[in-house]
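Encoded as structure tokens, the structure appears first; notes follow it.
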Amino acid sequence: MDIPLHPKVVTEIARGREFLDRIRSARRTIAGLRVTVPCPDGDNEIVLAGDGMVVDAAFTADVFDRYPGEELGELLLAMSAEGFAQVSTKVTAEVAGVLEQQ
């Protein structure tokens with residue numbers, strides 16, 4: 001014999017399932033997130049994923065000539081920092097969207 005659940009319990013279970021569905025959706029969105037940061041010159045770029053890791057980069061052959069020595073390191077650091085800031089903003093917005101719907 002099945003004992004029926006109280007309607008409030010049924011409602012809370014449904015809310016919990018909906019919340020988990022929103023979390024799964026947000027995780028898929030974040031996993032598929034890609035942020036492209038172009039070089040100020042426009043012909044080089046770095047692509048970051050939703051976890052903040054660099055997943056792709058494209059640079060012209062003369063990038064070492066245009067940015068000698070520490071200039072290249074500073075450029076890459078600035079591009080990476082900008083990309084991470086964009087990823088962080090997008091991930092934060094995605095998480096906030098899940099939490100606001102509660």
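If you read the sequence from its start, that first residue is 1, and numbering goes on from there.
- Interatomic distance, CZ of Phe59 versus CG of Leu76, reported as 5.0 Å (0.5 Å rounding).
- Put simply, CG on Leu75 and OG on Ser80 are 9.0 Å apart, with the number rounded to the nearest 0.5 Å.
- Residues Phe84 and Val47 do not share a hydrophobic cluster, defined by chaining ILVMFWY side chains whose heavy atoms lie under 4.5 Å apart.
- Two different hydrophobic clusters hold Val91 and Val55 under the rule that ILVMFWY side chains link at heavy-atom gaps under 4.5 Å.
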Evaluation steps, side chain to side chain contact (heavy atoms under 4.5 Å, CB included), between Ile13 and Leu5:
CA-CA 10 Å; Ile13 289 172; Leu5 296 174; 3.9 Å; yes

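- Here the shortest heavy-atom pairing between Asp65 and Pro68 reads O-CD, 3.8 Å.
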Is there a side chain to side chain contact (heavy atoms under 4.5 Å, CB included) between Arg34 and Asp56 once you walk through the steps?
CA-CA 10 Å; Arg34 296 291 181 265; Asp56 196 12; over 6 Å; no

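- The line from CD of Gln86 to CG of Leu33 is 9.5 Å long, rounded to the nearest 0.5 Å.
- Of the inter-residue distances, the one linking Met79 atom CE with Ile46 atom CD1 reads 4.0 Å to the nearest 0.5 angstrom.
- Residue Arg27 qualifies as open at atom CZ: its count of foreign heavy atoms under 6.0 Å is 12 or below.
- Between the side chain of Ser25 and the main chain of Asp21, no donor-acceptor pair closer than 3.5 Å is present.
- Linking ILVMFWY side-chain heavy atoms closer than 4.5 Å, directly or via other members, places Val95 and Val35 in a single hydrophobic cluster.
- Remark: Glu71 CD to Phe64 CZ distance equals 13.5 Å, nearest 0.5 Å.
- Between Asn44 and Tyr67, the side chains place no donor N or O within less than 3.5 Å of an acceptor N or O (distance only, hydrogens not considered).
- Between the CZ atom in Arg15 and the NZ atom in Lys8 there is a gap of 12.5 Å [rounded to 0.5 Å].
- The closest donor-acceptor contact from the side chain of Asp51 to the backbone of Met53 lies under 3.5 Å.
- Residues Val87 and Ile30 share a hydrophobic cluster, clusters being chains of Ile/Leu/Val/Met/Phe/Trp/Tyr side chains in contact below 4.5 Å.
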